[in-house]
Amino acid sequence: MITVALAGKPNAGKSTFYTAATMADVDVANYPFTTIDANRGVTHVRTECPCLDRDERCGGEHCRDGKRYVPVELLDVAGLVPGAHEGKGLGNQFLDELTNADVVINVVDASGATNAEGEPVEPGSHDPLDDVDFIEEEMDLWLAGIVDRNWESVERKSRSPEFDLEETVTDLLTGFGATEPDVASVLRGLEYPDDPKVWTADDREELARAIRRRTKPIVVVANKADAAPDGAVDRIREGTDKPVVAATADGERALRRGADAGIVDYDPGDDDFEITGDLSDGQREGLDAIRGVMADHGGTGVQTALNAAVYDLLDRVTVYPVQDASKWTDGTGTVLPDAFLLPTGSTPPDLAYAVHTDIGEGYLHAVDARSARRIGEGHELSEGDVIKIVSTAGP
Ligand SMILES: Nc1nc2c(ncn2[C@@H]2O[C@H](COP(=O)(O)OP(=O)(O)OP(=O)(O)O)[C@@H](O)[C@H]2O)c(=O)[nH]1
Ligand SMILES: [Mg+2]
């Protein structure tokens with residue numbers, strides 16, 4: 001499963017985002033380092049279910065009236081402070097947790113009411129833009145430290161006649177999620193000495209930064225948009241080259257709880273909601289305020305941020321394997337039972353392997369269930385494709 005990690009300074013709202021997105025109960029409080037041990041749970045990206053092209057909606061827990069929710073893993077780690085890569089704050093351990101992430105959501109406090117350490121300050125007195133860059137910097141320097149500490153082994157291996165820099169660096173960084181194509185592409189874009197023994201610390205840092213950029217892309221969430229001064233989100237947007245999503249994690253949490261309690265009609269990612277139950281004046285006021293923020297930003301931003309991370313930064317498409325190409329069901333009659341988030345450019349054999357190694361190895365051909373036509377091995381799958389794989393290993 002794809003892993004999305006929430007990173008950010010303390011008190012930015014990471015755990016609030018996490019609770020809203022997973023509906024798990026975790027500690028949330030207005031002081032730094034509330035979270036110490038990482039939280040790990042399941043959330044979803046949202047897309048249009050292919051069942052919208054049929055007479056009936058498929059139902060089931062992952063399709064609400066054609067809104068399809070595809071599971072991804074979400075990681076909530078402790079807050080990072082400047083100098084974390086050297087052990088400041090809660091330090092390195094939490095950067096290590098990011099090793100498992102495919103993509104990072106950097107949660108910043110757009111209200112400017114917490115300083116670099118996450119301590120409460122006068123609203124608007126801290127510049128949220130400061131918090132955008134330092135997370136990236138901490139991640140880069142942390143990886144540079146790992147490369148530094150292991151460079152000796154690269155130097156040692158370089159004495160062998162079979163030495164291959166690409167392969168050796170890949171070995172060093174696979175744990176970090178770097179593949180050989182990643183390393184090859186990064187090395188092509190860098191200038192460095194042939195002999196690893198004469199690489200400088202700067203050469204290694206350049207390598208680390210480029211690998212980090214490629215393997216841990218970042219989307220910025222301008223959280224607490226409900227409490228942010230006018231123009232704060234735009235200023236963040238103008239000040240960074242990263243995608244920025246305005247959000248109210250707190251608002252999303254309130255709506256999901258309200259939906260659970262049956263007092264609001266809201267599905268994650270909707271740009272508005274309806275009140276369906278009896279509310280106190282206080283509750284109504286709270287919800288009205290959330291509605292105002294949603295109107296300004298096209299929703300609470302939580303779902304938008306998750307979708308941006310997976311569909312835009314990781315460049316995925318949702319593909320639905322089925323066993324029955326006319327009914328779009330699996331062997332038990334469930335309609336559109338599974339959804340896979342494959343990299344753009346994936347082909348039917350890639351889907352087969354994603355379903356199961358055996359299905360991949362026994363791949364014979366594939367059928368596009370929409371057209372009932374066979375598609376070739378090299379056919380590029382698109383968002384929403386419903387595909388029957390025929391395999392010697394299949395049912
Ligand atoms: N106004 C507003 N407050 C929020 C929002 N999201 C979170 N908060 C508040 O911000 C404070 C910190 O929230 P947490 O979710 O604990 O923050 P964190 O980033 O996990 O903090 P650490 O675990 O300490 O690193 C709490 O008081 C939350 O209620 C939001 O969207 N709007
Ligand atoms: Mg937390």
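Both counts, for ligands and for their atoms, begin at 1 and track the order of listing.
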TODO: Decide whether the shortest distance between a heavy atom of Gly118 and an atom of ligand 1 is less than 4.0 Å.
DONE: no
Open item on the list: Hydrogens and angles aside, do Thr16 and Asp250 bring a side-chain donor and acceptor to less than 3.5 Å of each other?
Closed with: no
TODO: Could you tell me whether Lys9 and Asp109 make a salt bridge, using a distance below 4.0 angstrom between a side-chain N and a carboxylate O?
DONE: no
TODO: Inspect the contact between Arg284 and Asp281 and indicate whether a charged nitrogen and a carboxylate oxygen are less than 4.0 angstrom apart.
DONE: no
Open item on the list: Under 4.0 Å between a side-chain nitrogen and a carboxylate oxygen: does that hold for Arg257 and Asp260?
Closed with: no
TODO: Output yes when the distance from some N or O of ligand 1 to some N or O of Ala78 is under 3.5 Å, and no in every other case.
DONE: no
Task: Heavy-atom nearest option to atom 31 (O) of ligand 1, drawn from Gly251, Gly301, Ala222, Ala249 - done: Ala249
- [ ] For Ser15, counting its heavy atoms only, list the atoms of ligand 1 lying under 4.0 Å from any of them.
- [x] 15 (O), 18 (P), 20 (O)
TODO: Answer yes or no: is there an ion pair linking Asp65 with Arg57, defined by an N-O contact shorter than 4.0 Å?
DONE: no
Task: Option of least heavy-atom distance to atom 2 (C) of ligand 1 (set: Asp226, Asp109, Thr248, Asn39) - done: Asp226
Task: Note: Arg209-Glu136 ion pair, threshold 4.0 Å (strictly below) - done: no
Task: Nearest-0.5 Å distance that lies between atom CG in Leu173 and atom OG1 in Thr215 - done: 8.0 Å
TODO: Report, in ascending order of atom number, the atoms of ligand 1 lying under 4.0 Å from any heavy atom of Gly79.
DONE: 25 (O)
Task: Presence of N, O or S from Thr16 under 2.8 Å of the Mg ion (ligand 2) - done: no
Task: Nitrogen or oxygen atoms of Gly13 and ligand 1 under 3.5 Å apart - done: yes
- [ ] Consider every N or O of Ala12 and every N or O of ligand 1, then say whether any pair is closer than 3.5 Å.
- [x] yes
TODO: Flag Arg253 as yes when one of its N or O atoms lies below 3.5 Å from any N or O atom of ligand 1, and as no otherwise.
DONE: no
Task: ligand 1 versus Val107: contacting region, heavy-atom distance under 4.0 Å - done: neither
Open item on the list: Could you check whether Thr344 and Asp315, counting side-chain N and O atoms only, form a donor-acceptor pair closer than 3.5 Å?
Closed with: yes
